[in-house]
**Student:** 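Here it is, the structure, as structure tokens.
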Amino acid sequence: MTIAHSAFSTKIRRYDAESLREAALLIRAGEPVAAPTETVYGLAADATDSNAVAAIYSAKGRPSFNPLIVHVADHAMAEKLAHFCPQAERLAERFWPGALTLVLPVRQDSGLSPLVMAGLPTVAIRLPAHPAMRALIRESGRPLAAPSANRSGAISPTRAEHVLASLNGKIRMILDAGPTSEGVESTIAAPQADCIRLLRPGPVTAAMLEEAGGLPVMTGKTGAKIEAPGQQESHYAPSKPVRLEVMNAEKEEFLIGFGLMPCNVNLSPDADLREAAANLFAALHLADASAASAIAVAPVPNEGIGVAINDRLRRAAA
């Protein structure tokens with residue numbers, strides 16, 4: 001699908017060997033490309049090229065004080081970029097490839113663009129499980145900085161069409177490998193000597209981190225400064241007001257349900273939190289595109305991955 005735009009047209013290409021080669025060529029030329037991970041679609045560019053990283057910030061309209069996650073193809077690539085303490089090694093061994101981002105001290109000789117770290121002494125690194133993103137990293141031969149492929153602060157994209165609606169004309173290509181499986185962004189954790197700091201909840205829960213790392217998990221920021229991606233108060237936001245913990249919607253509201261209930265769209269009729277997470281952003285996109293003037297969301301239990309769902313909903317309503 002090609003849609004004309006005043007800047008240039010954005011192509012959606014089905015993920016295959018040919019489109020992968022084309023995407024890697026764009027990345028080596030310093031251009032960002034949208035590609036799926038198992039969590040959400042990411043806007044990927046060469047993390048070692050400051051002009052390429054600046055192009056991500058520009059396409060998204062993202063503030064440059066907000067650091068980016070660097071995606072790697074394997075553990076060896078990650079070791080070249082950051083210092084791994086024993087706790088970090090344990091978490092990587094247990095959850096990589098997968099939906100866990102580790103915030104670690106950056107190596108002096110990492111070769112990463114300073115824009116990726118946004119002035120911090122640490123770098124956020126993830127080894128994703130999605131074959132398309134890992135193939136793109138290998139094919140381009142670069143670690144890839146890749147925040148969610150949407151306008152900064154808007155609803156995260158879990159399908160190629162979501163990316164097109166948000167970034168049409170801002171990037172040349174979207175690699176389409178269908179809907180993402182997890183549906184909310186990765187968990188972000190900073191392993192320390194005596195604890196694991198949970199900087200953003202996600203599919204890897206606090207209980208999973210504690211069990212794998214053998215250390216207590218502490219939540220929340222230590223100060224006002226942003227330490228990792230996805231920590232702004234208002235984020236993942238639709239263009240309409242959002243009301244939370246609602247069982248009965250007002251006349252002008254689009255109701256997103258959970259469990260068996262009358263609603264416009266249901267995150268999971270069976271009250272399955274994993275299914276709800278996978279459907280969350282797609283439901284917000286539907287609600288935002290509807291004729292309703294506001295959005296209401298049913299209560300979601302604050303346990304397991306429900307913590308990540310409620311974190312995203314709170315920021316959407318902020």
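Hydrogens, waters and symmetry mates are skipped; everything else that's a heavy atom, side chains included, is used. Keep in mind that this is a model prediction, so the values were computed, not measured.
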**Student:** For Ser186 and Thr101, what are the C-alpha separation, side-chain angles and deciding distance, and is it a side chain to side chain donor-acceptor pair (under 3.5 Å)?
**Tutor:** CA-CA 6 Å; Ser186 63; Thr101 295; 2.8 Å; yes
**Student:** Report yes if some heavy atom in the side chain of Leu68 is under 4.5 Å from a heavy atom in the side chain of Val70; otherwise report no.
**Tutor:** no
**Student:** How close do Ile125 and Ala82 get, counting heavy atoms only, and between which atoms?
**Tutor:** CD1-CB, 3.7 Å
**Student:** Tell me whether Asn279 contacts the main-chain N or O of Asn266 through its side chain, where contact means a donor paired with an acceptor under 3.5 Å.
**Tutor:** no
**Student:** Measure up the His285 and His162 rings against each other and bin them: parallel (under 30°), tilted (30 to 60°), perpendicular (over 60°).
**Tutor:** parallel
**Student:** Is the side chain of Thr37 donor-acceptor paired with the backbone N or O of Thr39 at a distance under 3.5 Å, no angle test?
**Tutor:** yes
**Student:** Can you list the steps and then say if Cys85 with His83 is a side chain to side chain contact (heavy atoms under 4.5 Å, CB included)?
**Tutor:** CA-CA 7 Å; Cys85 60; His83 296 284; over 6 Å; no
**Student:** Please evaluate residues Val72 and Lys80 with respect to the criterion side chain to side chain contact (heavy atoms under 4.5 Å, CB included), reporting the C-alpha separation (whole Å), side-chain torsions for both, the decisive distance (0.1 Å), and the verdict.
**Tutor:** CA-CA 10 Å; Val72 294; Lys80 290 180 183 150; over 6 Å; no
**Student:** Can you tell me if CG on Asn248 sees more than 12 non-hydrogen neighbours from other groups inside 6.0 Å?
**Tutor:** no
**Student:** Is the backbone of Arg151 close enough, under 3.5 Å, to the side chain of Ser166 for a donor and an acceptor to pair up by distance?
**Tutor:** yes
**Student:** For a quick test of reading the model, state the closest non-hydrogen atom pair linking Phe84 to Ala92 and the distance between them.
**Tutor:** CE2-CB, 4.3 Å
**Student:** Find out whether Phe95 and Leu209 are in side-chain contact, i.e. whether some heavy atom of one side chain is under 4.5 Å from a heavy atom of the other.
**Tutor:** yes
**Student:** Might you point out which heavy atoms bring Gly183 and Phe281 nearest each other, and give the distance in Å?
**Tutor:** O-CD1, 3.0 Å
**Student:** How long is the straight-line distance from CD1 of Ile196 back to CG of Leu198, given to the nearest 0.5 Å?
**Tutor:** 9.5 Å
**Student:** Using side chain to side chain donor-acceptor pair (under 3.5 Å), reason through Asp270 and Ser268 one step at a time and then give a plain yes or no.
**Tutor:** CA-CA 5 Å; Asp270 297 331; Ser268 173; 5.4 Å; no
**Student:** In this structure, would Met133 and Ile12 fall into the same cluster of hydrophobic residues linked by side-chain contacts under 4.5 Å?
**Tutor:** yes
**Student:** Does CE in Met208 sit with more than 12 non-hydrogen atoms of other residues, nucleotides or ligands closer than 6.0 Å?
**Tutor:** yes
**Student:** Using atom types as modelled and distance alone, determine if a side-chain donor or acceptor of Arg107 lies under 3.5 Å from a backbone N or O of Glu79.
**Tutor:** yes
**Student:** Quick one: does Val300's side chain get under 4.5 Å of Leu280's, heavy atoms only?
**Tutor:** no
**Student:** Any non-hydrogen side-chain atom of Met117 less than 4.5 Å from a side-chain atom of Pro67?
**Tutor:** no
**Student:** When you look at Val184 and Glu182, which way does the side chain to side chain contact (heavy atoms under 4.5 Å, CB included) test go after all the steps?
**Tutor:** CA-CA 6 Å; Val184 292; Glu182 297 291 342; 5.5 Å; no
**Student:** Report the C-alpha separation of Glu185 and Ser156 in whole Å, then their side-chain angles, then the decisive distance to 0.1 Å, and conclude whether the side chain to side chain donor-acceptor pair (under 3.5 Å) test is met.
**Tutor:** CA-CA 8 Å; Glu185 295 83 357; Ser156 297; 2.4 Å; yes
**Student:** To the nearest 0.5 Å, how far apart are CD in Glu139 and CZ in Arg28?
**Tutor:** 6.5 Å
**Student:** If you take all heavy atoms of Leu136 and Ala24, which pair is closest and at what distance?
**Tutor:** CD1-N, 3.8 Å
**Student:** Backbone N or O of Val204 within a donor-acceptor pair of the Thr187 side chain at under 3.5 Å?
**Tutor:** yes
**Student:** So, for Gly213 and Arg90, which heavy atoms are closest and what is the spacing to 0.1 Å?
**Tutor:** O-NH2, 3.0 Å
**Student:** Would you give the length of the straight line joining atom CG of Asn168 to atom OG1 of Thr10, rounded to the nearest 0.5 angstrom?
**Tutor:** 4.5 Å
**Student:** Please name the pair of heavy atoms, one in Pro157 and one in Ala149, separated by the smallest distance, quoted to 0.1 Å.
**Tutor:** CG-O, 3.2 Å
**Student:** Report the C-alpha distance between Asn264 and Leu286 in whole Å, list the side-chain angles of each, state the deciding distance to 0.1 Å, and finish with yes or no for side chain to side chain contact (heavy atoms under 4.5 Å, CB included).
**Tutor:** CA-CA 9 Å; Asn264 297 94; Leu286 265 179; over 6 Å; no
**Student:** Please report the C-alpha distance between Ser239 and Asp288 in whole Å, then the side-chain angles of each, then the deciding distance to 0.1 Å, and finally whether the side chain to side chain donor-acceptor pair (under 3.5 Å) criterion is met.
**Tutor:** CA-CA 7 Å; Ser239 61; Asp288 211 26; 2.9 Å; yes
**Student:** Does any N or O in the side chain of Lys240 come within less than 3.5 Å of the main-chain N or O of Ala287, such that one atom is a donor and the other an acceptor?
**Tutor:** yes
**Student:** Nearest 0.5 Å, please: how far is CD1 in Ile309 from CZ in Arg274?
**Tutor:** 9.0 Å
**Student:** Rounded to the nearest 0.5 Å, what separation is found between the CD1 atom of Ile27 and the CE atom of Met173?
**Tutor:** 9.0 Å
**Student:** Do Arg243 and Glu253 meet the salt-bridge criterion of a basic N to acidic O distance under 4.0 Å?
**Tutor:** yes
**Student:** State plainly whether the residues Arg126 and Glu38 are in salt-bridge range, i.e. N to O under 4.0 Å.
**Tutor:** yes
**Student:** Within a strict 4.5 Å, meaning less than it, do heavy atoms of the Thr205 and Val307 side chains meet?
**Tutor:** no
**Student:** Within this structure, what is the CG-CZ distance for the pair Leu144 and Arg134, rounded to the nearest 0.5 Å?
**Tutor:** 13.0 Å
**Student:** Are side-chain heavy atoms of Val123 and Ser110 found at a separation under 4.5 Å?
**Tutor:** no
